[in-house]
Structure formats: structure tokens, C-alpha cells
Amino acid sequence: MFDNLTDKLDKAMHVLKGHGSITEVNVADTLKEIRRALVDADVNYKIAKEFTSRAKEKALGQGVLTTLKPGQLLTKIVKDELTELMGGDVTGLNLTGNPTVILMSGLQGSGKTTFSGKLANFLKTKKSKRPLLVACDIYRPAAIDQLHVVGESVGVEVFSNRDEKDPVKISEAAIAHAKQNGFNVVIIDTAGRLAVDEEMMTEIANVHAAVKPQETLFVVDSMTGQDAVNTAKAFNERLNFDGVILTKLDGDTRGGAALSIKSVVDKPIKFIGTGEKMEAIDVFYPSRMADRILG
Ligand code: GDP
């Protein structure tokens with residue numbers, strides 16, 4: 001994960017490791033390299049620049065020029081800044097609803113259906129919940145089939161109605177079904193499109209207004225870099241979502257989405273997807289991710 005970024009950050013800080021005495025120029029050069037590494041990883045230039053300005057201020061303020069171990073000090077400062085950039089503390093799900101309604105949003109192919117299954121499995125096995133999955137893609141029968149396959153694989157019931165063409169009605173019927181049958185979490189998998197379009201946004205906004213979810217989650221493919229951030233912005237403007245799910249972090253992703261999304265939409269990354277299997281889900285811990293990035 002983020003191997004390229006890890007390598008570049010390591011190289012950037014190498015100069016400071018092993019140096020007995022360093023100069024402000026050494027620090028400035030190192031930070032410039034760090035900024036370049038972040039931009040190469042697809043972090044927006046402004047975010048990368050602010051990042052290194054803060055790191056520089058801290059480094060000089062904390063005596064990087066006089067410490068015996070400048071490399072160690074700068075590594076700690078960069079780690080803290082990376083953690084902050086990715087959201088600081090870990091943010092859990094609000095599961096207080098009765099039932100709790102979780103609305104999944106995102107583009108087609110982002111990994112929504114897969115993640116809905118992973119989340120249902122996680123809530124069932126790790127949080128002792130009784131989830132119900134809901135198929136709300138009214139355009140693609142294959143998407144409904146896919147959710148049924150996913151639900152079956154994790155032993156979670158799937159609610160669908162192939163004759164109903166209004167996702168609001170399907171969602172409302174699913175919530176009524178959950179109440180009658182003792183399901184305490186309802187996970188609604190909605191239709192995505194290949195790109196942001198008005199019809200999709202209106203449709204999901206209507207479902208959102210009708211079911212008033214405790215959690216609206218935006219699912220995004222981390223491989224899509226800056227596009228991921230732009231899509232997040234568009235969905236957030238419409239839905240004011242509660243959290244981000246970053247999928248496909250097992251792939252050859254550069255890391256920009258993970259590092260930029262929080263500062264662009266000011267919403268936490270709550271989970272990550274790290275594979276196609278139902279178990280490939282992790283709670284997102286910004287400080288652990290920062291550790292991994294620093295290698
Ligand atoms: P949806 O259209 O948003 O519902 O997306 P899908 O759930 O159908 O996922 C699209 C493709 O991405 C499928 O082939 C999934 O198996 C794959 N996928 C989903 N999440 C992950 C992940 O975390 N890692 C990898 N490698 N593949 C994933």
C-alpha cells in the first residue's frame with residue numbers, strides 16, 4: 001500500500017538521518033522533497049504546500065537544528081501531520097437508530113455493493129447486530145442479483161422488489177420489514193452511475209430525505225486519485241454525508257485520495273476496503289495509516 005510514497009518519504013528524510021549537525025537549508029530541502037512526494041502521490045498541491053509549511057514551523061519550533069537526532073524529530077512531526085491530514089481520531093458509526101439506517105452512496109464500480117456486504121458481515125460478526133441489506137438499484141437487475149449473492153455469502157437477508165421502480169418506496173418498505181422482523185440495522189445499497197449526474201443525485205437525495213439515515217456513507221475507489229476527491233465534493237454538496245469508505249486500497253494506489261479527502265470535504269474516512277473478499281474491511285485509523293505510509 002502506498003509503496004511509492006513510502007519510498008519517496010524515506011529518501012526525502014534520509015539526509016537528516018545520520019547528520020550530526022544540519023542547517024535550515026537541509027530542512028528546507030527535505031521538506032521540498034516531502035512536498036514533491038505528496039504531489040506525486042496525487043495530493044492536491046495546495047494541501048501538500050500547507051502540509052510542509054506546518055511541518056517546517058513545527059520542526060524549527062521544536063529545535064530540529066539543535067537536536068542530536070533531526071531525522072527522528074522530523075519523522076515524528078511528519079507522522080503527526082499525516083495523522084491530522086487523514087482526520088486525527090478514529091470515527092465510528094452512529095448505530096443508535098431503531099433500526100439504524102445506513103445509506104450507501106457512490107459511483108458505479110466504486111465498490112458499494114461489495115462494501116455493503118462487508119459492512120453487514122462486520123456488524124453481524126463484530127458488533128452482534130442483525131443487519132438487513134436492501135437492493136435499491138432499480139436500473140440494473142444484475143446489481144440486485146449481485147447483492148443477493150453477497151448477502152447469501154455472509155448469511156444476511158437481502159430485501160428487494162424487482163417490480164417497484166421507486167427507490168424511496170423500496171427503502172421505506174425495507175425499513176418496515178426490518179421493524180416487523182427484528183433487524184436492527186438497514187443497509188441501503190443505491191444505484192450508481194459512471195459519472196456524477198443530476199438524475200442519480202436527485203434519486204439518492206430523495207431516498208436520503210425520506211429515510212433520514214443515521215449514517216450516509218460515500219464509497220470511493222482510492223485508485224481514482226484526484227477524481228475521487230472531486231466526486232466526494234459533488235456527493236457531499238448534495239448529501240452532506242457522514243463518512244467516507246475508501247475501497248481498493250490493496251491495489252496499486254498512490255494514496256492521494258486517502259490523504260486529501262478529509263481536508264477537502266471535512267468528513268472522516270470511516271472504513272477501508274482491502275480486497276474483494278467479504279473479510280477485507282478495516283476500520284480506518286489515521287495514525288496507523290500514517291505509520292504504514294512512513295514504513
Ligand atoms: P458498485 O458498482 O459500486 O456496487 O461496485 P462493486 O461492489 O460491484 O465493485 C466493483 C468491482 O470492484 C468488483 O469487481 C469488486 O469485486 C471490486 N472491489 C470492491 N471492493 C474492492 C476492494 O476493496 N479491493 C479490490 N481489489 N476490489 C474491490
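Every number for a ligand or one of its atoms is a count from 1 in the order of the listing.
Checked against salt bridge (charged side-chain N to carboxylate O under 4.0 Å, His left out), D227 has no partners two or more places apart in sequence or in another chain.
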Show the atom names and distances, to 0.1 Å, of all donor-acceptor pairs under 3.5 Å that link a side chain in residues 142-149 to residues at least two apart or in another chain.
{"from": "D145", "atom 1": "OD1", "to": "R162", "atom 2": "NH1", "distance (Å)": "3.0"}
{"from": "D145", "atom 1": "OD1", "to": "R162", "atom 2": "NH2", "distance (Å)": "2.8"}
{"from": "H148", "atom 1": "NE2", "to": "S160", "atom 2": "OG", "distance (Å)": "2.9"}

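Residues I170 and F159 come closest through the heavy atom pair O-CE2, 3.7 Å. The minimum heavy-atom distance between I293 and T6, with the atom names listed, is O-OG1, 2.7 Å.
Ordered by chain and residue number, the residues placing a heavy atom less than 4.0 Å from ligand 1 are L107, Q108, G109, S110, G111, K112, T113, T114, K118, Q146, K248, D250, G273, T274, G275, E276.
Within the structure, the salt bridge (charged side-chain N to carboxylate O under 4.0 Å, His left out) test picks out the following pairs touching residues 208-217 (sequence neighbours left out): E215-K270.
Of the residues listed (T190, I188, V101, L239), the one engaging H208 in a side chain to side chain contact (heavy atoms under 4.5 Å, CB included) is L239, and it is the only one.
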